[in-house]
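Some notes on the structure that comes next.
Residue numbers begin at 1 in each chain, while the letters A, B, ... track the order of the sequences. Note: hydrogens, waters and symmetry copies are ignored here, and every other heavy atom, side chains too, is used.
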Amino acid sequence: MRRDCIRPVSFTFSALFKACGAKLDVELGRQIHAQTFFIGGYESDLFVGNTLIDMYVKCGFLDCGRCVFDEMPERDVISWTSLIVAYAKNGDMEVAGELFEGLPEKDMVAWTAMITGYVQNAKPKEALKMFEMMRDAGVRTDEVALVGGISACAQLVAEKHAQWICDIADKEGLSPVTNVVVGSAFIDMYSKCGRVEEAYRVFESMKVKNVFSYSSMIVGFAMHGKADAAMKLFYEMVETETKPNRVTFVGVLTACSHAGMVQQGRCLFASMQKDYGVVPDADHHACMVDLLGRAGHLEEALELVETMPLEPHGGVWGALLGACRLHGNPDIAEIAAKHLFELEPNSIGNYILLSNIYALAGRMEDVSRIRKLVRGKGMKKNPGCSWVEAKDGNIHEFYAGEMTHPKSKEIKKALEKLLDTLKREGYKPNLSSIVYDISDGEKEQVLKTHSEKLALSFGLLTTTAGSPIKIVKNLRVCEDCHLVMCGASRITKREIVLRDNMRFHHFRDGVCSCVSTEMAMGIWDDGILLPLIPYP
DNA sequence: TTAGGGTTAG
């Protein structure tokens with residue numbers, strides 16, 4: 001067949017592969033793949049090869065995509081990038097990185113694929129490093145690349161980096177005022193950095209707003225416990241005829257949940273489909289279970305799960321289990337846990353939660369039964385990790401129980417001193433988060449090595465007096481650390497912002513912002529730290 | 001005419 005005859009035919013093949021990729025129909029894709037024989041195989045045409053890789057990886061057949069890539073006699077940056085994205089989406093950043101290293105000419109899209117890959121795999125430090133390298137290589141930055149950088153800053157809660165990103169956005173003429181994608185990413189970043197007012201300032205400045213900007217802002221308000229603001233914005237959004245989507249409803253339902261607005265939440269849930277055409281999915285049901293459960297309506301929450309029209313996922317049962325911990329209900333907890341152990345057999349958090357519920361109910365024989373189960377499965381708790389931004393903008397990581405930081409000795413000494421001062425003021429370590437059979441003295445020693453305390457001590461040592469300290473933690477903050485943060489904010493006159501995997505805690509003058517919601521604890525009363533309500 | 005993107009709950 002003559003070469004000029006092949007071109008139109010190869011366009012047809014590519015269009016077919018694209019369609020198969022979109023429909024996730026790998027069987028049909030394979031059949032068409034076999035037919036490339038008639039044009040001398042896909043190897044004869046780079047364009048056909050690239051769309052074939054894309055088809056396989058979209059359908060989830062990464063290995064087949066890799067085979068095509070390996071067999072192609074000629075590849076371009078698009079072939080490499082398709083594969084890099086596929087590995088990144090598969091969570092394999094190591095292979096993605098190797099491919100990227102081997103890529104002879106890296107363009108902006110390839111760099112962005114790596115940046116975004118790291119962001120999606122919760123490796124914000126690596127993402128920012130990539131972003132920096134891309135800038136150093138003199139590659140242009142467009143809005144997609146910028147959004148990758150902004151998301152990385154959001155994950156890190158890194159003020160200095162955030163400012164750096166803002167400056168770049170300015171330089172590149174990508175202003176949140178005129179660019180709705182950049183604007184929405186900034187709203188998200190500021191919310192996640194604990195600066196919800198700044199997020200709202202960006203939101204207000206935006207000339208064009210869409211469902212992403214509204215939803216991001218609503219979710220931001222919800223995250224910081226500002227339920228009224230979230231609801232107000234929701235109705236404002238509806239008035240502007242911006243159609244809410246599923247994420248918008250996750251936001252408003254969460255806001256209601258944290259504020260205990262049960263009736264308001266019930267109404268919203270009922271009107272989702274009726275008034276806005278958004279069919280409640282499992283996530284919305286999880287929000288409702290959380291809302292009802294937190295408010296103590298455990299029976300109603302259970303009924304909702306048992307009668308929901310779709311299969312409940314781990315999030316739904318998890319919300320119920322969390323509510324059982326809050327209200328100390330081991331009976332409903334057992335029902336939720338049974339499903340969770342089936343759905344998420346390797347998630348140790350559920351076992352720990354159930355064992356804590358038994359412990360609260362004084363059912364110690366059940367506690368040891370669960371512990372044995374966990375041991376038998378060989379499961380280990382994820383190590384706690386916290387990070388904090390130093391004065392120079394560098395991010396410092398701390399793992400629970402590890403003293404590998406170069407300044408470990410000073411950090412430990414400063415922490416001891418801080419804890420001694422707190423004790424003189426009435427602080428008593430809260431040992432309840434430690435469930436192993438060790439003495440109280442040993443428990444206290446373990447608590448001293450919690451990652452957020454190390455991060456706090458480092459922050460106090462290395463940042464300017466009076467400036468706020470921002471800490472991020474991968475797990476939920478424990479009772480004792482929460483107590484210490486409260487006390488530290490008072491005696492050091494520092495604002496401490498701690499983001500754990502659940503929400504924000506703003507500690508100021510001995511009080512935490514979560515006090516007004518479900519986590520009222522560690523407030524100062526005549527100079528004595530008192531847990532008000534048992535920590536969930 | 002093939003590659004990268006923003007919001008998500010326990």
Side-chain angles (χ1 to χ4, degrees), chain A residues 7 10-11 13-15 17-18 21 45-55 57 76-86 88-89 103 107-117 119-120 142-151 154 176 179-189 191-192 210-220 222-223 244-255 257-258 281-291 293-294 312-326 336 340 344 347 349-350 353 476 501-503 536:
Chain A
R7 287 310 296 174
S10 67
F11 279 139
F13 271 106
S14 296
F17 289 141
K18 199 177 167 189
D45 193 300
L46 183 59
F47 181 47
V48 174
N50 282 347
T51 44
L52 189 53
I53 293 178
D54 194 52
M55 187 276 293
V57 300
D76 64 4
V77 63
I78 296 177
S79 341
W80 293 82
T81 309
S82 298
L83 216 52
I84 287 170
V85 170
K89 292 219 162 111
L103 174 54
D107 68 1
M108 182 176 62
V109 178
W111 280 101
T112 310
M114 283 302 291
I115 295 168
T116 310
V119 169
Q120 287 164 348
D142 72 354
E143 61 168 16
V144 185
L146 189 69
V147 163
I150 300 172
S151 304
N179 188 312
V180 69
V181 178
V182 172
S184 304
F186 268 119
I187 292 170
D188 176 56
M189 180 188 77
S191 300
K192 286 184 180 154
N210 64 7
V211 63
F212 281 94
S213 17
Y214 274 105
S215 303
S216 300
M217 196 62 243
I218 289 170
V219 169
M223 213 175 348
N245 66 10
R246 46 183 308 281
V247 180
T248 323
F249 280 102
V250 168
V252 280
L253 291 173
T254 312
S257 184
H258 287 311
D281 63 16
D283 293 344
H284 299 112
H285 282 84
C287 290
M288 274 313 283
V289 170
D290 186 57
L291 170 78
R294 252 181 230 276
H313 58 28
V316 178
W317 289 114
L320 189 61
L321 189 64
C324 290
R325 160 90 206 252
L326 190 59
L340 278 169
E344 304 172 346
S347 173
N350 299 324
L353 209 50
R476 195 163 190 174
N501 65 345
M502 301 297 299
R503 58 177 304 149

Would you kindly give the [atom1]-to-[atom2] distance between [X] and [N], to the nearest whole Å?
X: Ile218(A); N: dA9(B); atom1: CD1; atom2: P; result: 14 Å
X: Leu146(A); N: dG4(B); atom1: CG; atom2: C1'; result: 14 Å
X: Leu52(A); N: dA3(B); atom1: CG; atom2: P; result: 13 Å
X: Met108(A); N: dG4(B); atom1: CE; atom2: P; result: 13 Å
X: Asp281(A); N: dT8(B); atom1: CG; atom2: P; result: 15 Å
X: Met223(A); N: dA9(B); atom1: CE; atom2: P; result: 8 Å
X: His258(A); N: dA9(B); atom1: NE2; atom2: C1'; result: 9 Å
X: Asp290(A); N: dT8(B); atom1: CG; atom2: P; result: 16 Å

With a non-hydrogen cut-off below 4.0 angstrom, is [X] in contact with a base, only sugar-phosphate, or nothing?
X: Val147(A); answer: sugar-phosphate
X: Ala145(A); answer: base
X: Val180(A); answer: base
X: Ser14(A); answer: nothing
X: Gln120(A); answer: sugar-phosphate
X: Ile53(A); answer: nothing
X: Gly314(A); answer: base
X: Val247(A); answer: base

Please name the pair of heavy atoms, one in Ala319(A) and one in Asp290(A), separated by the smallest distance, quoted to 0.1 Å.
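Nearest pair, atom of Ala319(A) first, then Asp290(A): CB-N, 4.0 Å.
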Distance, nearest 0.5 Å, that separates OG1 of Thr248(A) from CZ of Phe212(A):
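Thr248(A) OG1 to Phe212(A) CZ: 9.5 Å, rounded to 0.5 Å.
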Side chain of Asp188(A), heavy atoms from C-beta onward: which of dA9(B), dT7(B), dG10(B) has the nearest atom to it?
dT7(B)
What about Ser215(A): does its side chain form a donor-acceptor pair under 3.5 Å with the base of dT7(B)?
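Yes, a donor-acceptor pair under 3.5 Å.
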Kindly indicate whether the side chain of Thr81(A) and the base of dA3(B) share any N or O donor-acceptor pair separated by less than 3.5 Å?
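Answer is yes: a donor-acceptor pair is held.
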Between Asn210(A) and Ser213(A), does any side-chain donor sit less than 3.5 Å from a side-chain acceptor?
yes
